[in-house]
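Worksheet: the structure to be examined is printed underneath.
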Amino acid sequence: MTNAIVVVGAGVSGLTTALLLSKSNANVVTIIAKHMPGDYDIEYASPWAGANFLPMSTRENSRWERRTWPEIKRITEEVPEAGIHFQTSRIFRRDKDMEGPSCPSDPMFDHDPWFQSVLPDYKELDAARLPAGHDSGCEFTSVCINTAMYLQWLVGQCIKNGVVLKRAVISHIREAKNYSHTGKPADIIVNATGLGSLKLGGVEDQAMAPSRGQIVLVRNELHPMITTSGTEEGLPEILYTMQRPAGGGTILGGTYDIGNWESVPDPNIALRIMRRVVEVCPEIAGGKGIDGLSVIRHGAGLRPYRKTGVRVERGKLDDGTRIVHNYGHAGWGYQGSYGCAEGVVELVNAIREENGESLVTEPK
Ligand code: FAD
């Protein structure tokens with residue numbers, strides 16, 4: 001017996017979930033989405049991400065990121081065409097930021113972080129290696145993902161496993177049922193609509209809000225990646241850099257602005273982002289300040305923030321159709337992607353067991 005599954009959403013969450021579901025012969029998977037890899041739109045977060053792997057969860061909620069790192073590491077080592085490379089990451093802390101209003105990614109700045117035993121080569125930095133104005137710091141091996149390459153690679157992996165992708169815009173989650181390419185109604189719907197879950201009928205999750213991130217993409221190179229615990233301007237302005245692989249440019253960030261829906265990059269914020277980066281890392285611009293930066297583009301994306309944390313959960317529609325949710329990843333959708341997708345597979349398997357299906361199937 002096979003399950004017709006329709007995944008709504010083709011961001012990193014929907015694509016990774018579809019990929020893991022499609023590894024079992026028992027699942028016949030269709031992805032429907034308003035936006036697909038290749039699109040750049042304010043309603044589509046995934047292309048705007050850096051993206052790197054800087055754990056943001058607390059130790060208690062670290063399951064999703066912990067489970068994702070081994071697979072991201074494997075892909076980085078074994079699949080160069082996926083567009084991920086290893087990069088040293090440095091985090092610089094200021095004591096005053098640890099006492100101030102809490103930033104959503106605070107656990108990243110802990111002095112004794114849970115991820116020191118997960119990400120390789122973790123060490124605290126000597127005072128001599130800290131930029132002016134910072135009190136402590138650490139470094140470890142992380143990755144940077146060229147999101148344009150990686151999302152397309154995920155699409156290819158899905159297609160190879162028989163997943164069918166279709167463009168569709170739905171206004172109520174129940175409509176997804178009619179989109180399975182099998183021609184029969186879907187047995188299970190997976191909701192991976194990100195911020196779309198705020199307005200999508202049948203979901204309308206009021207805990208969802210945008211966390212706007214403005215970035216500048218430049219041609220200049222900068223190793224290692226850096227992140228600081230705060231900026232003189234204070235939240236929502238933050239500071240990070242990420243060097244993408246394969247000529248993808250360097251991301252200069254940024255902002256973490258909850259509740260801001262603005263799609264157009266603000267030139268004043270852009271100037272402040274560039275000024276902060278050249279102050280902390282003058283070498284990026286050969287010591288020429290902002291004038292030494294070669295801008296590819298300015299951008300803004302909306303992280304799918306959820307006040308109550310990510311939703312990886314199952315439920316039922318009014319007509320009894322089973323649904324599994326996977327949305328609300330805020331600023332960690334890539335670094336939690338495999339863990340959360342694995343969580344969806346577990347919930348789908350639980351539904352199949354309740355339906356009396358055997359889980360002993362031939363893997364593809
Ligand atoms: P999305 O990518 O938004 O995809 C949603 C999908 O659902 C789209 O295909 C959309 O078209 C579809 N959809 C929505 N509503 C409907 C509807 N009604 N009908 C049909 N389709 C619909 N994460 C990291 O891990 N590391 C980072 O370094 C990082 N940096 C970031 C920097 C910035 C500036 C930003 C903006 C984000 C960053 N993130 C990072 C976060 C990451 O980008 C998100 O968590 C992730 O992309 C969310 O993916 P998603 O698939 O859940 O949502």
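Atoms within a ligand are numbered from 1 in the order they appear, just like the ligands themselves.
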Q) Is G213 in polar range of ligand 1, meaning some N or O pair under 3.5 Å apart? A) no
Q: Go through ligand 1 atom by atom and flag the ones less than 4.0 Å from a non-hydrogen atom of S46.
A: 1 (P), 2 (O), 46 (C), 47 (O), 49 (O), 51 (O)
Q: Considering only non-hydrogen protein atoms, determine which one is nearest to atom 53 (O) of ligand 1 and report residue, atom name and distance to 0.1 Å.
A: G194 CA, 3.9 Å
(Q) Under 4.0 Å, counting heavy atoms only: does G254 come that close to any atom of ligand 1? (A) no
Q. Heavy-atom contact under 4.0 Å between V169 and ligand 1?
A. yes
(Q) If you measure every N or O of N326 against every N or O of ligand 1, does any of those distances drop under 3.5 Å? (A) no
Q: May I ask you to check whether R303 has an N/O atom sitting below 3.5 Å from an N/O atom of ligand 1?
A: no
Q) Does R74 make a cation-pi contact with Y338 (under 6.0 Å, within 45 degrees of the axis)? A) no
Q. For residues S57 and E65, is any side-chain donor paired with an opposing acceptor at under 3.5 Å?
A. yes
Q. If we only count N/O pairs under 3.5 Å, is W48 in contact with ligand 1?
A. no
Q. Is Y327 in contact with ligand 1, taking contact as a heavy-atom separation below 4.0 Å?
A. no
Q) Hey, does L302 come in under 3.5 Å of ligand 1, counting only N/O atoms on both sides? A) no
Q: Provide, to 0.1 Å, the distance between atom 12 (C) of ligand 1 and the closest protein heavy atom, together with that atom's residue and name.
A: G9 CA, 3.8 Å
(Q) Check contact between M36 and ligand 1, using heavy atoms of the residue and a distance below 4.0 angstrom. (A) no
Q: Check whether any N or O atom of H35, backbone or side chain, sits under 3.5 Å from an N or O atom of ligand 1, and answer yes or no.
A: yes
Q. Out of A49, C340, A330, who gets a non-hydrogen atom closest to atom 41 (C) of ligand 1?
A. A330
(Q) Does any N or O of ligand 1 fall below 3.5 Å from an N or O anywhere on G331, backbone included? (A) yes
Q.
Could you tell me, atom by atom, which parts of ligand 1 come under 4.0 Å of a heavy atom of S13?
A. 49 (O), 50 (P), 51 (O), 52 (O)
**Q.** Enumerated ligand 1 atoms positioned under 4.0 Å from heavy atoms of A192
**A.** 5 (C), 6 (C), 7 (O)
Q. Any N or O of V12 that comes nearer than 3.5 Å to an N or O of ligand 1?
A. yes
Q: Would you mind reporting whether F109 and D97 have side-chain heavy atoms less than 4.5 Å apart?
A: no
